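Here is the structure we will look at.
All figures in this text were calculated on a predicted structure; none of them were measured in a lab. Just so you know, ligand 1 is whichever comes first in the structure, and atom 1 is the first atom listed for that ligand. Along the sequence shown, residues carry numbers from 1.
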Amino acid sequence: MNAIRVNQMTYRYKGEERPAVEQISFHVGSGEIVGLLGHNGAGKTTVLKCIAGLMRPEEGEAEIGSGAGKGTSASLGFVPSDFYLYPLLTVEEIIRFTASLHQLNDRELTERMNAMLAAFQLEDKRHEFIKTLSHGMKQKVALITGVIHHPQALILDEPMTGYDAVSTRETKNFLIRYAKERGAGILLSSHRMDVVEDICHRVVLIHGGKTVFDGTASDLKKGAGDSNTLEEALLRMSEESEPGESGDAK
Ligand SMILES: Nc1ncnc2c1ncn2[C@@H]1O[C@H](COP(=O)(O)OP(=O)(O)OP(=O)(O)O)[C@@H](O)[C@H]1O
């Protein structure tokens, strides 16, 4: 079963001659974590926002979830890289507010919130105002708000930017557990290749708005001249895809 299926998706920003992403297709299976990779400007955020329904592709579509929850907002969790949390609410208030949009009952919500605050070592911050938190703490709260309703598909744009080693480990463990225990599909964009190698079952590499690889990280390295690291593989694959792609021809 698929948590996310992207079918021939093309998106062009208003007034732009070239589409930012073109004919992108891939899927994220239930229980699978997929990394969306690519250099700055490759089109990752555009793809994620189209999948999340924040922008309407000019061609193609994304299907979210399966079974009874298919296509409903309950089946999707999205945490953008430029997430916004109202600064004058407390951590608990903002989680409760988000959960109220999904009609969770109070017992369910309290159990989930307590477990997640504990997983991210934020229990002592529950009554603090958002404005008093560090960026890393806010990012974890944003993740909690994106996942509190237990979506089948979780989409995360750069979820671990600027994280220290402890926060990175907490979040990696949380995502691995979430995908496994709930059978959810997670799609995340990241420039953190260590994270991608550790937790992603597959990677999708886009370059100049087009898919240039879909497979495992180790196959990506093998296919890119037996690269030692994922960074090296990315550089090589992107260079190979350069002629005619003109990803920077804006
Ligand atoms: N609002 C916009 N209007 C016009 N062009 C845009 C807009 N937002 C993004 N783009 C262009 O679309 C292309 C893809 O951008 P996108 O933000 O999806 O890339 P990205 O892979 O997420 O990059 P990064 O790793 O830097 O976050 C880029 O060429 C970018 O300049």
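Taking any N or O of G41, backbone or side chain, at least one lies under 3.5 Å from an N or O belonging to ligand 1. Not one N or O of E16 is nearer than 3.5 Å to an N or O of ligand 1, by distance alone. In terms of polar-atom proximity, defined here as any N/O pair under 3.5 Å, A20 makes no such contact with ligand 1.
Of the charged side-chain nitrogens involved, none lies within less than 4.0 Å of a carboxylate oxygen, so that K44 and D157 do not count as a salt-bridged pair.
Only the side chain of H191 comes within 4.0 Å of ligand 1, judged by heavy-atom distances.
G65 and S75 make their closest contact through CA-CB, 4.5 Å (heavy atoms, listed as atom of the first residue, atom of the second, distance). Closest approach of H39 to H191, counting heavy atoms only: C-CE1, 4.2 Å.
Taken to the nearest 0.5 Å, the CG atom of L133 stands 12.0 Å off from the CD atom of Q139. L54 contributes atom CG, which lies 11.5 Å from atom OG1 of T46 (distance to the nearest 0.5 angstrom).
Residue H39 approaches ligand 1 through these ligand atoms, each under 4.0 Å from one of its heavy atoms: 21 (O).
Using a 4.0 angstrom heavy-atom cutoff, G38 does not count as in contact with ligand 1.
Atom CZ of F129 has 12 or fewer heavy atoms from other residues, nucleotides or ligands within 6.0 Å.
When N40, T46, L48, V47 are ranked by how near their heavy atoms come to atom 16 (P) of ligand 1, first place goes to T46. Of all the listed residues (K44, R12, K49), K44 holds the heavy atom that lies closest to atom 20 (P) of ligand 1.
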